[in-house]
Amino acid sequence: MEHLYKPNDYEAKIIIFYALKNLNKSPTYTILSEVVSSGADIQYFELQSYLQELVSMNSIEENKIGDETVYMLTSLGEDYYDFYKDEIMPSVQEKILEAAKRINNDKSEANKVYADYIPINENEYKVVCGIIENNVKLLDFEMYAGAKDKSKKICRYFKEHTNDFYMNIVSYLEDKIQ
């Protein structure tokens with residue numbers, strides 16, 4: 001049996017950020033636990049405690065999707081990740097990346113949400129966002145966003161509120177065509 005690294009509280013939180021950052025979609029607790037525990041010895045109740053603390057610090061957000069709760073980094077969590085990511089042991093990073101890739105590949109390209117910003121010129125950006133479900137494009141759009149910071153915020157908002165965004169567009173169009 002392989003021995004896993006036992007992180008201290010500080011390292012455990014960074015490992016959680018690292019796992020969230022490397023998963024393509026906001027994970028449920030079960031998926032996040034699987035990825036985190038693949039690289040570090042963080043037990044079920046420890047993970048729950050860390051998540052509650054990170055949510056209270058506004059660095060991770062909990063969202064309900066149907067009957068499930070999913071987790072995602074907030075902008076503050078993204079900042080923490082960017083600043084501290086190099087403090088994770090390379091062997092732990094490697095194991096978490098392998099587990100995240102396995103999970104990401106299980107959720108094939110048949111279902112995905114994407115949002116990215118693309119430079120138009122040195123100071124202006126556009127965003128490209130969309131939803132694919134069962135290999136069908138439900139939504140695909142590009143829009144001018146202006147500054148890079150605003151573009152990042154639009155992408156993050158779209159990823160965090162995809163369902164609301166899509167339902168608002170559908171509702172708006174249904175009202176206009178009736």
Side-chain angles (χ1 to χ4, degrees), residues 4-107 111-117 127 129-133 139 145 148-168:
L4 289 176
Y5 176 70
K6 182 67 178 170
N8 63 35
D9 291 349
Y10 163 79
E11 293 168 322
K13 292 171 189 169
I14 298 169
I15 289 169
I16 293 168
F17 291 146
Y18 192 79
L20 286 169
K21 186 69 176 178
N22 285 288
L23 287 163
N24 287 344
K25 191 173 180 184
S26 301
T28 62
Y29 182 84
T30 305
I31 291 171
L32 183 59
S33 177
E34 179 183 337
V35 173
V36 167
S37 65
S38 70
D41 182 9
I42 299 175
Q43 301 302 313
Y44 183 89
F45 292 110
E46 289 176 311
L47 179 60
Q48 187 63 47
S49 175
Y50 293 134
L51 285 173
Q52 288 172 352
E53 189 175 335
L54 293 169
V55 167
S56 70
M57 294 170 48
N58 295 320
S59 53
I60 289 180
E61 189 176 285
E62 282 182 317
N63 287 310
K64 278 287 220 191
I65 297 181
D67 294 335
E68 295 187 313
T69 300
V70 296
Y71 299 89
M72 63 187 69
L73 290 174
T74 63
S75 57
L76 181 61
E78 293 267 353
D79 291 344
Y80 286 144
Y81 167 80
D82 289 338
F83 192 77
Y84 294 109
K85 66 184 174 193
D86 296 329
E87 295 187 28
I88 301 171
M89 291 177 51
S91 61
V92 173
Q93 286 183 16
E94 185 178 316
K95 290 174 185 170
I96 289 173
L97 282 175
E98 285 174 17
K101 283 180 186 173
R102 189 174 58 253
I103 297 292
N104 291 339
N105 288 337
D106 284 348
K107 298 181 179 185
N111 297 304
K112 84 175 194 178
V113 172
Y114 58 92
D116 203 1
Y117 57 96
V127 294
C129 302
I131 306 166
I132 298 174
E133 190 171 291
L139 181 68
K148 185 176 185 178
D149 186 51
K150 184 176 179 184
S151 300
K152 286 181 179 181
K153 288 178 182 176
I154 291 169
C155 290
R156 185 172 35 252
Y157 183 87
F158 182 79
K159 286 180 180 179
E160 292 173 357
H161 301 92
T162 303
N163 193 46
D164 291 339
F165 191 91
Y166 180 73
M167 294 311 295
N168 284 334

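Every heavy atom of this structure was used, including side-chain atoms; hydrogens, water molecules and symmetry mates were not. Keep in mind the model is a prediction, meaning the values are calculated, not measured.
Between Tyr80 and Tyr84, the ring planes are tilted. Angles from 30° to 60° get that label.
Smallest separation of non-hydrogen atoms from Met72 and Ser26: CE-OG, 3.2 Å. Taking both residues in full, the closest heavy atoms of Ala40 and Ile15 are given as CB-CD1, 3.8 Å, listed atom of the first, atom of the second, then distance. Counting all heavy atoms, side chain and backbone alike, Asn24 lies closest to Asn104 at N-OD1, 2.9 Å. The two residues Ser37 and Leu4 make their nearest non-hydrogen contact at O-CD1, 3.1 Å. Residues Val36 and Ala19 approach most closely at CG2-CB, 3.7 Å, considering heavy atoms.
Qualifying side chain to side chain contact (heavy atoms under 4.5 Å, CB included) partners for Tyr44, counting only residues two or more places apart in sequence or in other chains: Tyr29. Contacts of Glu160 classified as side chain to side chain donor-acceptor pair (under 3.5 Å), with partners at least two apart in sequence or in another chain: none. Taking Asp86 as the reference, nothing meets the side chain to side chain donor-acceptor pair (under 3.5 Å) condition, with sequence neighbours excluded. For the ring-ring contact (aromatic ring centres under 6.0 Å, His included) test, residues two or more places apart in sequence or in another chain that qualify with Phe158 are Phe141, Phe165. Lys150 pairs by the side chain to side chain donor-acceptor pair (under 3.5 Å) definition with nothing, not counting sequence neighbours. Residues that satisfy the side chain to side chain contact (heavy atoms under 4.5 Å, CB included) test with Tyr166, not counting sequence neighbours, are Ile131, Leu138, Leu139, Val170. Looking at residues two or more places apart in sequence or on another chain, you find a side chain to side chain contact (heavy atoms under 4.5 Å, CB included) between Thr69 and Glu62, Lys64, Tyr71. Annotation: side chain to side chain contact (heavy atoms under 4.5 Å, CB included) contacts of Ala145 (sequence neighbours excluded): Val127, Ser151, Ile154. For Glu87, the side chain to side chain donor-acceptor pair (under 3.5 Å) partners are Tyr10, not counting sequence neighbours. Scored by the salt bridge (Lys or Arg N to Asp or Glu O under 4.0 Å) test, Lys153 finds Asp149 as partners (sequence neighbours excluded).
In terms of modelled atom types and a separation under 3.5 Å, the side chain of Thr74 and the main chain of Ser59 share a donor-acceptor contact. Between the side chain of Asn63 and the backbone N or O of Val70 there is no donor-acceptor pair closer than 3.5 Å. In this structure, Gln52 contributes its side chain and Ser49 its backbone to no donor-acceptor pair below 3.5 Å.
Pairs passing the salt bridge (charged side-chain N to carboxylate O under 4.0 Å, His left out) check and including a residue from residues 29-43, sequence neighbours excluded, read Glu34-Arg102. A salt bridge (charged side-chain N to carboxylate O under 4.0 Å, His left out) check over residues 43-58, counting only residues at least two apart or in different chains, returns the pairs Lys6-Glu46, Lys13-Glu53.
Taking 4.5 Å as the limit, some side-chain heavy atom of Asn8 sits within range of a side-chain heavy atom of Glu11. Taking the side chain as every heavy atom from C-beta outward, Ile16 and Leu20 approach each other to under 4.5 Å. Ser75 is listed as a side-chain neighbour of Arg156, based on a closest heavy-atom distance under 4.5 Å.
Paired with Phe17 under the rule side-chain contact (heavy atoms from CB on, under 4.5 Å), one option of Asp82, Ile88, Asp79, Leu54 passes, and it is Leu54.
A distance of 13.0 Å separates CE of Met89 from CD1 of Ile14, quoted to the nearest 0.5 Å.
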